[in-house]
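Since the structure is predicted, the reported quantities are computational estimates derived from the model, not experimental observations. Just so we're on the same page: letters track the sequence lines, and every chain starts at 1.
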Amino acid sequence: MKTELASIISSALDQILDDSSTIDIHIERPKTLEHGDYSTNIALQLTKILKKNPREIAQLIIEKVGLDPSIDRLEIAGPGFINFYLSSAGKSSIIKSIFSQSTKYGHNLTGKNQKLQVEFVSANPTGPLHIGHGRGAAIGDSLARIMQANGWDVTREFYYNDAGQQINNLALSVQSRIKGIEPDDANFPEDGYRGEYILEIADAYSNLKTVEVDEEVVKANGNPDDIENIKRFSVAFLRNEQNIDLAAFQTTFDVFTLESAFYQNKDVEKVLDLLEKNGFSYKKDDATWLKTTEFGDDKDRVMIKSDGSYTYFVPDVAYHLNKWERGFVRVINEQGADHHSTITRVRAGLQGLNLGIPKDWPDYVLHQMVTVTKNNQEVKISKRAGSYVTLRDLIDEVGSDATRYFLLARKPDSQLIFDIDLAKSQTNDNPVYYIQYAHARICAVLNQANVKPEDLKNFDEALLTSTHEHQLIKRLSEFPEIISLSASESSPHYIATFLKDLAADFHSYYNANKFLSDDKALQNARLALIGATKIVIKNGLQLLGISAPEKM
RNA sequence: CUGCCCGUAGCUCAACUGGAUAGAGCAACGGCCUUCUAAGCCGUAGGUUACAGGUUCGAUUCCUGUCGGGCAGGCCA
């Protein structure tokens, strides 16, 4: 509809201007219904060219416009905006397309079925997932759903570090607990993990438990001196816990990738060789450096330490080369903002390969930190000290739906405060219930009216004339634009805000009208409208990974 | 010291990427259930958009500077 209106205006401009091809026609969605279903500021933009006042220009344009059947009328308002008002036919075509497209209403084909990967969470298996991972999980998962709705062929991927120093620390920590060394003991590893979960792993290990995760089976042999077995068991144990929590958070992955894979298949060496061959690495102080300064960094970075081991971003580059070779034309990495310094390094490494990878590939979505408050006090998150709020706690106490909504309702790059008491104590006042309640209410009415979906497709649109109805229809028609906006801005919060507004429109409408009525034609028209509303609420909640209950 | 993110109602956050009277939810106050779910609705109150300049028909949005908060700047990840 937006593009149709733009072309209507464009052809009107052709009759006014010598050359209208350079003019960018912007069709907007006014905030209030008083300003129409659509509007354009074109007359304001043309004041300089035409040297006339904008309302005069708007008048000129309107006189040249050929009316579309979907449009009832045009009005000039304010300083010179042209506002479009939908006709009954325009309104009914929106409702009808919601029914005909059903679960696909609002979706588009922008991605042309091209391969896109969303990498998210990617937590190291050194502890349970905390609320920060929860934000990453909610945003990454929702973005994957949104990109799918925009026509991309999406792969969801989780990358984890199963080698390196922190895994050794993990194994040593578990080993200490197996041997009865307490975290505050002087003999406990200095960089060890001190949380209670370490003891759980130690007990499971001592009891010869078996853990199965990602199609790998690891059995504990109980030997406190077999550090390799402890390491493998601990990683498997924590990976399993993370997967259970993520599943309870409605978050799934298509692919799990291990850092160790890139050592085993020699991709890391391949990357290092290529960087050396292309002249982007050099040796200094017994270490090997990457010239990241040639790609915008403020200093060069070490790739191979003087002890021969690699720094973390070397396998990262190998991993991203692997993503490129797998044919992902787009990659979105969802990470915490505390890792933002990796962006320059990974991109620099990829550029240094000279393989034609675009400079700004991959994309990054960084979410800012989550501050947790409880009893009006900040809960410090410290994995080593073991004091932090786990994702599991939140799912148990607040629920998956509400937790996801809280974490998604804000744009990723603003910090957010998660007040546990508020989320817990006000469970019934939670915004997500407001939206779900609208859905449940509609289901109740449709059930009692005992109508089948087919019955709703033929309705008399001329009966839907109230302001509430117009407002609701306008809102429903915005959903496709919201889905593309969320994708282009990589932010699910637009969906969350939209749903809240849509639910508000519906609740107002519901309170102002009776839906079950002896006037069957009127009843049918109204039920068609709320039936369409139900579909859109459900589609929107689906994009956020939140359930749409039929009863509450 | 340098880079990135942020600063909007008492609190938590929006604002269609430069548009019309800056909007919601909590919290406060006043109304609405013998009728389809009151987890709801209607109304009142709440603002120098951190501050100072600049760009233009027009700025919460873009530019510069200042102040304040967060995160980074390891041969840690």
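As judged by a 4.0 angstrom heavy-atom cut-off over every strand, A/Arg410 is placed among residues touching the sugar-phosphate backbone only. Base contact: A/Ser39 has a heavy atom under 4.0 Å from a base atom. Within 4.0 Å of A/Ile417, counting heavy atoms only, lie sugar-phosphate atoms of the nucleic acid but no base atom.
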Checking salt bridge (Lys or Arg N to Asp or Glu O under 4.0 Å) for the pair A/Lys411/A/Glu489: CA distance, chi angles, key distance, verdict? CA-CA 10 Å; A/Lys411 54 186 165 204; A/Glu489 298 296 314; over 6 Å; no
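Here B/rU12 presents its C1' atom at 16 Å from CG of A/Leu408, a figure rounded to the nearest Å. Whole-Å rounding puts the A/Asn511 CG to B/rA39 C1' distance at 13 Å.
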Below 3.5 Å is the cut-off: list the nitrogen or oxygen pairs between protein and nucleotides 17-19 of chain B, distance only.
from	atom 1	to	atom 2	distance (Å)
B/rU17	N3	A/Glu489	OE1	3.2
B/rU17	N3	A/Glu489	OE2	3.1
B/rU17	O4	A/Glu489	OE1	2.0
B/rU17	O4	A/Glu489	OE2	3.4
B/rU17	O4	A/Tyr494	OH	3.2
B/rG19	N7	A/Asn41	ND2	2.7

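Considering only residues two or more places apart in sequence or on other chains, A/Thr47 meets the side-chain hydrogen bond (donor to acceptor under 3.5 Å, both in side chains) condition with none of them.
For the residue pair A/Ser142 / A/Arg404, no side-chain donor-acceptor distance below 3.5 Å is found, with atom types taken as modelled. Checked by atom type, the side-chain pair A/His468/A/Ser466 shows no donor-acceptor distance below 3.5 Å. No side-chain donor from either of A/Tyr319 and A/Glu259 sits under 3.5 Å from a side-chain acceptor of the other. No hydrogens or angles considered: a donor-acceptor pair under 3.5 Å links the side chains of A/Asn333 and A/Lys323.
In this structure B/rC6 sits in the anti conformation; its chi angle is more than 90° from 0. Glycosidic conformation at B/rU35 (O4'-C1'-N9-C4 for purines, O4'-C1'-N1-C2 for pyrimidines): anti, more than 90° from 0.
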Structure string for RNA chain B in dot-bracket form, Watson-Crick and G-U at under 3.5 Å, | interchain: (((((((..((((.....[...)))).(((((.......))))).....(((((..]....))))))))))))....
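Nearest-nucleotide positions on RNA chain B place A/Val445 closer to the 5' end than the other of A/Tyr434 and A/Val445.
Stacking of A/His35 onto the six-membered ring of B/rA20 is present: less than 5.5 angstrom between centres, less than 30° between planes.
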